[in-house]
Protein chains: 2
Amino acid sequence: MKVVLVVDDEPHLRRTLAISLRAHGYEAETVADGRSALQSIAERVPDAVVLDLGLPDLDGVEVLRRIRETSTVPVVVLSARTDSTDKVEALDLGADDYVTKPFGMQELLARIRVVLRRAPDGAGGPQAFTTSHVSLDFAERRAVVAGETVHLTPTEWRFLETLAAADGRLVSREDLLHQVWGPGYQREANYLRVYANQLRRKIEPEPGAPRYLVTEPGQGYRLLGDAPRTASPATPRPAP
Amino acid sequence: MKVVLVVDDEPHLRRTLAISLRAHGYEAETVADGRSALQSIAERVPDAVVLDLGLPDLDGVEVLRRIRETSTVPVVVLSARTDSTDKVEALDLGADDYVTKPFGMQELLARIRVVLRRAPDGAGGPQAFTTSHVSLDFAERRAVVAGETVHLTPTEWRFLETLAAADGRLVSREDLLHQVWGPGYQREANYLRVYANQLRRKIEPEPGAPRYLVTEPGQGYRLLGDAPRTASPATPRPAP
DNA sequence: GAGAGCCGTCAAGAACGCGTCAAGACGCGT
DNA sequence: ACGCGTCTTGACGCGTTCTTGACGGCTCTC
């Protein structure tokens, strides 16, 4: 069952929202302030967050920013402020929707369905990547390869994080460059080669024949878990 | 560059939107009615759609439904109607956001950024093509033919993608050349022969007698699903 | 029945993408 | 100011992919 975290300081609205959510088949968790929200997310990442910006302790925007530091969980922002600037700020900070009070409950629920629909299952972000050979702990920034702790540079971590977040799916060169180096690096496909190379030397059992960090020629890269080997008995390379 | 399709019947709004979008680094395409919108999407799937529900020809909701039949491209709906029921209907039909007029341009642009952020790269394209013999997963760029995974080159994928997007309809040589190789290749009908040939060897059970990737002489090509066989009991080839 | 147009087929050279390496530039802490 | 680790940049070789031209068969037209 999908878990929705409701962050709101008004007890009445909190209760109403929780009831409506449960009536629609979600598991609703409620907290009254920003600190509790961040703590709750740290314990268990919900499938979506409904965040009221008018909170007693922290600025709601600040809460959103902190959430985005560690997670890509969908966030629907509630606010009494209708100013366009506020909306743009929240949306650009990573909010997935911005609903102004007063709002219709049916509409809010529909918008929650929308963000849940778009978010990949368990979008809270992979905290770890583990195979029989490699083990990456992103929270701790620890990499263990074949029992040995291996040191990775910041850029190498971002590279792996981006790939791990895709959970085995293909990550295009553009996305990778944008995620790791920021905007404006779309031309530097060189970087990808260099770092893919370095990472393979660090984490692959056989860097020449990558098993985890694989290239999709012309497309991008992909981080795979332990593969059910596709029965290639010896891959005998014809001697030249 | 990201392509945004604007569907609106008001010339003024259309122009304003297009200008704003271009100023923010998007490629803007504009159409004035539902039919043109569907046609434009059939030709080339944009990265996002801004769809005004008040259209002269088709009901906007109907347009949205048709879009969702073939594509998961992000759609931001514009509407003058503020009724909650309308919003819920559109959102549940697959709209990614619902903005009521009048709206602030900055807000709309922010909301477009949001939906683009969430949508996987090229999510608008055809999802898959499956027959008893061939199975193409465009998102993963995986081709499985008779149980075996087959490798396709980037150009081969674009070729098949373009044909699959037409969903069995004829794709003219011009369109094909334009989609796969870009503008300025209209003269190179040779390429089509070469790649059609290569693809048939890879995906057809009997490359000499194409069942899926069929030629329309003098016209173009077409990608067909499993055909209700037209009673050709053995396809007996007269011995030469 | 000859000719023209179109399509499928093939193969070779060019162009491209990727892995690899190493030398500098840069930034940070001491 | 110095040294260290990290990032950037350019160059090279190799394999793959694309481009290009040529040839033969088929069909439709005259």
Side-chain angles (χ1 to χ4, degrees), chain A residues 141 143 149-160 162-163 170-174 176-177 179-182 184-204 206-222 235 237-240, chain B residues 141 143 150-163 170-174 176-177 179-204 206-222 237-240:
Chain A
R141 299 238 138 156
T149 297
V150 171
H151 172 74
L152 299 183
T153 73
T155 308
E156 288 167 354
W157 273 113
R158 285 200 301 278
F159 197 108
L160 280 183
T162 306
L163 289 176
L170 170 72
V171 182
S172 74
R173 287 185 295 206
E174 287 84 25
L176 210 36
L177 285 165
Q179 289 296 317
V180 178
W181 281 273
Y185 279 77
Q186 256 65 338
R187 314 255 138 196
E188 310 288 352
N190 241 326
Y191 295 7
L192 299 179
R193 300 209 293 271
V194 172
Y195 274 87
N197 191 0
Q198 269 169 215
L199 280 168
R200 281 176 180 145
R201 288 199 223 167
K202 291 190 176 180
I203 69 170
E204 290 277 359
E206 202 180 343
R211 234 166 98 180
Y212 305 121
L213 205 176
V214 303
T215 305
E216 300 282 345
Q219 295 299 130
Y221 292 83
R222 187 194 294 272
T235 44
R237 190 86 63 96
Chain B
R141 291 235 132 109
V150 171
H151 173 75
L152 299 183
T153 72
T155 308
E156 287 166 355
W157 274 112
R158 285 199 302 278
F159 197 108
L160 280 182
E161 251 176 306
T162 306
L163 289 176
L170 169 71
V171 181
S172 74
R173 288 185 293 206
E174 287 80 24
L176 211 36
L177 285 165
Q179 289 297 315
V180 178
W181 280 272
Y185 280 77
Q186 257 64 340
R187 315 254 138 196
E188 310 288 352
N190 239 325
Y191 294 7
L192 300 179
R193 299 209 294 273
V194 172
Y195 275 88
N197 188 6
Q198 268 168 217
L199 280 168
R200 282 174 180 146
R201 289 199 226 166
K202 290 190 177 181
I203 69 170
E204 291 278 359
E206 202 179 344
R211 232 166 100 181
Y212 304 119
L213 205 176
V214 301
T215 305
E216 300 281 348
Q219 304 288 312
Y221 293 82
R222 188 193 293 273
R237 186 87 62 99

| request: Look at the side-chain N and O atoms of A:Arg173 and state whether any lies under 4.0 Å from the OP1 or OP2 oxygen of C:dG17. | output: no
| query | Can a side chain N or O of B:Thr215 be found less than 4.0 Å away from OP1 or OP2 on C:dG8? | reply | yes
| Are OP1 or OP2 of D:dC7 and a side-chain N or O of A:Trp181 less than 4.0 angstrom apart? | no
| field | Flag, side chain of A:Glu156 to backbone of A:Thr153, donor-acceptor distance under 3.5 Å | value | yes
| Between C:dC21 and A:Arg201, is there an OP1 or OP2 to side-chain N/O distance shorter than 4.0 Å? | yes
| query | What is the distance from CD of A:Glu188 to C1' of D:dC7, rounded to the nearest Å? | reply | 12 Å
| query | Rounded to the Å, how far apart are B:Gln198 CD and C:dC7 P? | reply | 17 Å
| Base partner of C:dT30, which must satisfy Watson-Crick or wobble distances under 3.5 Å | D:dA1
| said: For a quick check under 3.5 Å, do B:Arg141 and A:Gln219 share a side-chain donor-acceptor pair by atom type? | reply: yes
| Nearest nucleotide by nearest heavy atom, which residue falls closer to the 5' end of DNA chain C, B:Tyr221 or A:Pro217? | B:Tyr221
| said: I need the OH-P distance between B:Tyr191 and C:dG8, as an integer number of Å. | reply: 17 Å
| Flag for A:Arg200-A:Asn197: side-chain donor and acceptor within less than 3.5 Å | no
| field | N or O in side chain of A:Thr153 less than 4.0 angstrom from D:dC7 OP1/OP2 | value | yes
| B:Arg193 vs A:Tyr185, nearer the 5' end of DNA chain D by closest nucleotide | A:Tyr185
| Side-chain N or O of B:His151 less than 4.0 angstrom from OP1 or OP2 on D:dT17? | yes
| message | Here's a test for you: under side-chain contact (heavy atoms from CB on, under 4.5 Å), which of B:Tyr191, B:Trp181, B:Tyr221 qualifies with B:Leu176? | response | B:Tyr221
| field | N or O in side chain of B:Asn197 less than 4.0 angstrom from C:dT9 OP1/OP2 | value | yes
